[in-house]
Amino acid sequence: MFTGIVSGLGTLVGRKGGTFKIQTPYRPKSLELGASIAFDGCCLTLTEIKNVKGEGARVKVDVSNETLSHTTMGTWHTGRRINLERALALGEELGGHIVTGHVDGIATVVSRFPDGDSTRFLLEVPPEFAKYVASKGSIALNGVSLTINEVEGPRFDVNIIPFTLEHTSWGDRQPGDLVNFEVDLLARYVARLTQAEGMHS
């Protein structure tokens with residue numbers, strides 16, 4: 001379980017098929033084999049941990065064909081910056097919203113433009129997910145918990161403050177880029193309940 005609050009930026013340093021090597025800022029001794037980390041919102045298991053002196057832990061993860069085909073990971077190239085979040089420990093503060101690390105699909109960045117001190121991004125999700133996107137609701141985009149502003153069909157926009165832009169990979173995102181999204185669990189349950197009520201009315 002995660003919260004959508006990024007705790008570090010990683011860099012893809014190597015890839016062979018579904019095996020990814022990612023440099024992280026974490027101390028090697030603070031990680032354990034078999035532990036879970038969210039990489040741009042994808043919950044993956046650490047299969048190898050190496051200490052790179054002065055740089056932190058270099059980790060290896062194995063990614064299934066299913067994950068490669070339903071997330072942006074299939075398009076990742078060496079040098080890509082990746083949002084990292086370690087799994088939520090019992091008793092820790094829930095700073096964003098509840099995120100499972102199970103990506104629902106891929107959204108497209110339609111536009112990016114300044115909005116006061118923030119940067120506004122307009123995105124589009126596949127039409128079948130529009131029912132889960134609501135104004136003032138939450139959504140995880142590349143692992144970052146964000147509040148939805150305005151919604152029009154499958155399109156919606158979010159504002160990203162300068163701190164988030166600087167400390168996550170959102171500073172790299174441009175129109176045409178693809179991002180992982182996970183809809184809010186509450187929105188999913190509400191949609192399911194509404195559907196059930198409609199079937200019994």
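Grouping the Ile, Leu, Val, Met, Phe, Trp and Tyr side chains by contacts below 4.5 angstrom, directly or via other members, places Val52 apart from Leu84. Linking ILVMFWY side-chain heavy atoms closer than 4.5 Å, directly or via other members, places Val103 and Phe2 in two distinct hydrophobic clusters. Placement of Ile161 and Leu146 in two distinct hydrophobic clusters is found when ILVMFWY residues are connected by side-chain heavy-atom separations under 4.5 Å, directly or transitively. Under the 4.5 Å side-chain contact rule for hydrophobic residues, Val125 and Val151 share a cluster. Placement of Leu46 and Tyr26 within a single hydrophobic cluster is found when ILVMFWY residues are connected by side-chain heavy-atom separations under 4.5 Å, directly or transitively.
Without hydrogens or angle criteria, Glu182 side chain to Gly101 main chain gives a donor-acceptor distance under 3.5 Å. Under the 3.5 Å distance criterion, the side-chain polar atoms of Ser64 are matched with a main-chain donor or acceptor of Thr67. For the pair Gln23 (side chain) and Glu55 (backbone), a donor-acceptor distance under 3.5 Å is present. Without hydrogens or angle criteria, Thr47 side chain to Lys60 main chain gives a donor-acceptor distance under 3.5 Å. The backbone N or O of Gly171 lies less than 3.5 Å from no partner atom in the side chain of Glu166, so there is not a single donor-acceptor pair. Side chain of Ser138 to backbone of Thr147: no donor-acceptor contact under 3.5 angstrom is found. The main-chain N or O of Ser169 is found under 3.5 Å from a side-chain atom of Asn83 such that the two form a donor-acceptor pair. A donor-acceptor pair under 3.5 Å is absent between the side-chain atoms of Thr11 and the main chain of Val13, judged by distance alone. A distance-only check finds no donor-acceptor pair linking the side chain of Arg120 to the backbone of Asp157 [under 3.5 Å].
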>> Applying side-chain contact (heavy atoms from CB on, under 4.5 Å) to Leu31 and Ile37, what does each step give before you reach the verdict?
In response: CA-CA 10 Å; Leu31 302 176; Ile37 288 180; 4.1 Å; yes
>> Applying side-chain contact (heavy atoms from CB on, under 4.5 Å) to Val59 and Phe39, what does each step give before you reach the verdict?
In response: CA-CA 11 Å; Val59 302; Phe39 297 84; 4.1 Å; yes
> Could you walk me through whether Val6 and His167 pass the side-chain contact (heavy atoms from CB on, under 4.5 Å) check?
Replying inline: CA-CA 8 Å; Val6 171; His167 291 87; over 6 Å; no
> Step by step, would you call Arg155 with Leu122 a side-chain contact (heavy atoms from CB on, under 4.5 Å)?
Replying inline: CA-CA 7 Å; Arg155 292 189 171 189; Leu122 177 65; 4.2 Å; yes
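No side-chain heavy atom of Lys21 sits less than 4.5 Å from a side-chain heavy atom of Arg15. A heavy-atom distance below 4.5 Å is found between the side chains of Trp170 and Leu141. Contact check for Leu44 versus Val63: side-chain heavy atoms found under the 4.5 Å cut-off. A heavy-atom distance below 4.5 Å is not found between the side chains of Ile82 and Thr24. A heavy-atom distance below 4.5 Å is found between the side chains of Leu123 and Val179. The shortest distance between side-chain heavy atoms of Arg27 and Asn51 does not fall below 4.5 Å.
Evaluation of the ring pair (Phe, Tyr, Trp, His ring centres under 6.0 Å) rule for Phe156 yields no partner, not counting sequence neighbours. Evaluation of the salt bridge (Lys or Arg N to Asp or Glu O under 4.0 Å) rule for Arg80 yields Asp40 as partners, not counting sequence neighbours. The side-chain hydrogen bond (donor to acceptor under 3.5 Å, both in side chains) search around Ser135 returns none, not counting sequence neighbours.
Nearest heavy atom pair, residue Ile49 against residue Ala57, reads CG2-CB, 4.1 Å. The two atoms that bring Val183 and Ile139 nearest to each other are CA-CG1, 4.4 Å, heavy atoms only. Scanning both residues, Pro154 and Ala130, for their nearest heavy atoms gives CA-CB, 4.0 Å. Between Ile160 and Leu165 the shortest heavy-atom distance is CG2-N, 3.7 Å. Taking all atoms of both residues into account, the shortest heavy-atom contact from Ser7 to Arg86 is OG-N, 3.7 Å.
Here the CG-CD1 distance, from Asn180 to Ile106, works out to 6.5 Å after rounding to the nearest 0.5 Å. Annotation: the span from Glu150 atom CD to Asn159 atom CG amounts to 9.5 Å, rounded to 0.5 Å. Separating the OH atom in Tyr132 from the CD1 atom in Ile148 is a distance of 13.5 Å, to the nearest 0.5 Å. Distance check, rounded to the nearest 0.5 Å: CZ of Arg173 to CG of Leu178 gives 9.5 Å. Taken to the nearest 0.5 Å, the CG atom of Leu9 stands 12.0 Å off from the CD1 atom of Ile22. Of the inter-residue distances, the one linking Asp104 atom CG with His70 atom NE2 reads 10.5 Å to the nearest 0.5 angstrom.
Enclosure of atom CD in Glu32 is not indicated, since only 12 or fewer non-hydrogen atoms of other residues, nucleotides or ligands lie within 6.0 angstrom. Annotation: Phe113, atom CZ; neighbour count of heavy atoms from other residues, nucleotides and ligands within 6.0 Å is above 12.
If you look at Phe129 and Phe181, their ring centroids are closer than 6.0 Å.
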